[in-house]
Amino acid sequence: MGGGTGASSSEEPWPVRVVSQKIGAWVARLGWVWVDGQVAQISRRPGASTVFLTLRDPSAELSLTVTTNRDVLDSGAPELREGARIVVHAKPEFYAARGTLSLRADEIRQVGLGELLARLEKLKKLLAAEGLFDRARKRRPPFLPQRVGLITGRASAAERDVLTNARRRWPAVEFRTVNVAVQGSGAVPQIIDALKVLDSDPSIDVIILARGGGGIEDLLPFSDEALCRAVFACRTPVVSAIGHETDAPLVDYVADVRASTPTDAAKRVVPDLAEEIRLINQARHRLHRAVHNLVDRETHRIDALRSRPVLARPQVMVEQRAADLAALRQRAERNLRHRLAAADDDLRHTLARLRALSPAATLDRGYAIVQRADGHVVRAADEVAKGDALRVRLADGDLAVTVTGS
């Protein structure tokens, strides 16, 4: 077997044993370490002093074999069962012949309830500080989801409660259910994978994460950091319905909606058809009553308008205006006659004065007007000379005369 494809032709490939030896030497330099994990399997062979454990990471599909002495196990965790959380003091060992990695433990401690709660409280503070519990980022599920995603245990009471109550409330609701392990070492990876599948489905409007009640150890997967971050990263609103109302795994704080029970989750994601019909009927009744009241009010207003004299006998207004107009016309005619009579009198008086002061009136009294040929009125005798032709205007006619002497 040769080295990588990127190696040049001048480099000599390493034999497998050399690679294994180098890996083993590097692992040996790690020394003793403390390892935290969940017991997936315990193998105690009768009469054998060695006990084999399979230790699994709670948040990933990864496990390691742990070998230890029976006395170490009995002194540190005598009642150890599969699914328990433990901490082991172990030295990593690489077996070159098989190419496998394992742990050799000289101390095993079962994680107690108090220590678990302390760890959860520390993780809770960390996630809260990072904003995973922030109410401002929580989304409200749609009023009537097109399709609901459900993550729960197979044939579990939680699944039955969610489906039964949701369909009782809204018979047309559609579900896409993904069954996963809800406790044990494989629960977290399965739940995270199910979240990714449902979150990538465009037809899913809301995701319900449901599990029935259990002890603190049973609900530990729902306080896992990786699961909390996966819920936080979901684009689809997530409803957490884990355990009973008194249970509060960390995923409850991260989810957009926290339901006290799976039944409560069904009530929160779909409306109650009977209640909605009741509300619609109630709204229709209020609308009918409002319209009826409006029609009655407008009818009374129209009746009141019709009862007024101006509408009861509309000709009265015309007759009154006609009388007013006739009176105005009479006043105008009288005023005009008075003005014309006064103007006529003034005109006669003015005419009389004009006639009295006019030259014609003077001529009528026997006077005459003497004018030269150029029309100039002669006012003195020295204004003419002997032989001048003059014109004498009388009251009735003119005379042409010639000056014969002064």
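Numbering of residues begins at 1 and proceeds along the displayed sequence.
Within 6.0 Å of NE2 in His288 there are 12 or fewer heavy atoms belonging to other residues, nucleotides or ligands. Annotation for Lys91: atom NZ counts as buried by contact number, over 12 foreign heavy atoms lying within 6.0 Å. Within 6.0 Å of atom CG in Asp396, 12 or fewer heavy atoms from other residues, nucleotides or ligands are found, so the atom counts as exposed in its surroundings. Within a 6.0 Å radius of CZ in Arg137, more than 12 heavy atoms belonging to other residues, nucleotides or ligands are found. Residue-environment remark: NZ (Lys138) exceeds the threshold of 12 foreign heavy atoms within 6.0 Å.
Judged as a side-chain hydrogen bond (donor to acceptor under 3.5 Å, both in side chains), and not counting sequence neighbours, Ser223 has no contacts. Partners of Phe133 by ring pair (Phe, Tyr, Trp, His ring centres under 6.0 Å), not counting sequence neighbours, listed by chain and number: Tyr253. By the ring pair (Phe, Tyr, Trp, His ring centres under 6.0 Å) test, Trp32 is found to be paired with His89, residues two or more places apart in sequence or in another chain being considered. Qualifying ring pair (Phe, Tyr, Trp, His ring centres under 6.0 Å) partners for Phe232, counting only residues two or more places apart in sequence or in other chains: none. His292 meets the side-chain hydrogen bond (donor to acceptor under 3.5 Å, both in side chains) test with Asp296; sequence neighbours excluded. Listed by chain and residue number, Thr350 satisfy the side-chain hydrogen bond (donor to acceptor under 3.5 Å, both in side chains) test with Arg353 (two or more places apart in sequence, or in another chain). Every residue two or more places apart in sequence or in another chain that forms a side-chain hydrogen bond (donor to acceptor under 3.5 Å, both in side chains) with Gln371 is listed here: Arg391.
The distance from the CG atom of Asn165 to the OG1 atom of Thr263 is 4.5 Å, given to the nearest 0.5 Å. Considering CD1 of Ile208 and OG1 of Thr177, their distance stands at 9.0 Å, rounded to 0.5 Å. Distance CG/Asp106 to OG1/Thr68: 7.5 Å, rounded to 0.5 Å. Interatomic distance, OG of Ser102 versus CG of Leu55, reported as 12.0 Å (0.5 Å rounding). To the nearest 0.5 angstrom, Asn281 atom CG is 10.5 Å from His285 atom NE2.
Evaluation of the salt bridge (Lys or Arg N to Asp or Glu O under 4.0 Å) test over residues 326-335, restricted to residues two or more places apart or in two chains, returns none. Pairs passing the salt bridge (Lys or Arg N to Asp or Glu O under 4.0 Å) check and including a residue from residues 232-242, sequence neighbours excluded, read Asp199-Arg235. Contacts classified as salt bridge (Lys or Arg N to Asp or Glu O under 4.0 Å) and involving residues 35-53 (residues at least two apart or in different chains) are given here: Asp36-Arg85, Asp36-Arg119. Counting only residues at least two apart or on different chains, the salt bridge (Lys or Arg N to Asp or Glu O under 4.0 Å) pairs with a member in residues 272-291 are Glu275-Arg278. Each ring pair (Phe, Tyr, Trp, His ring centres under 6.0 Å) pair with one or both residues in residues 188-230, not counting sequence neighbours, would appear here, but there are none.
Using a 4.0 Å cut-off between charged nitrogen and carboxylate oxygen, Asp264 and Arg268 count as a salt-bridge pair. Checked for salt-bridge contact, Glu383 and Arg379 miss the test: no charged N lies under 4.0 Å from a carboxylate O. Using a 4.0 Å cut-off between a side-chain N of Lys or Arg and a carboxylate O of Asp or Glu, Arg147 and Asp205 do not qualify as a salt bridge.
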Gln41 and Arg56: side chain to side chain donor-acceptor pair (under 3.5 Å), yes or no, with the steps?
CA-CA 9 Å; Gln41 186 178 0; Arg56 177 168 297 181; over 6 Å; no
Run the side chain to side chain contact (heavy atoms under 4.5 Å, CB included) check on Leu150 and Val178 step by step: do they pass?
CA-CA 6 Å; Leu150 176 60; Val178 180; over 6 Å; no
With side chain to side chain contact (heavy atoms under 4.5 Å, CB included) as the criterion, how do Val51 and Asn69 come out once you've worked through the C-alpha distance, each side chain's angles and the decisive distance to 0.1 Å?
CA-CA 6 Å; Val51 178; Asn69 191 277; over 6 Å; no
Run the numbers on Trp34 and Val88 for side chain to side chain contact (heavy atoms under 4.5 Å, CB included), then give the verdict.
CA-CA 6 Å; Trp34 286 100; Val88 299; 5.9 Å; no
Side chain to side chain contact (heavy atoms under 4.5 Å, CB included) evaluation trace for Ile86 with Leu80
CA-CA 9 Å; Ile86 61 173; Leu80 186 64; 3.4 Å; yes
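Side-chain contact between Pro221 and Val182 is absent, with no heavy atoms from C-beta onward closer than 4.5 Å.
Judged by distance alone, the side chain of Thr164 and the main-chain N or O of Asp161 form no donor-acceptor pair under 3.5 Å.
Nearest heavy atom pair, residue Thr67 against residue Thr50, reads CB-CG2, 4.4 Å. Heavy-atom minimum distance, Val254 versus Cys228: CG1-O, 3.4 Å.
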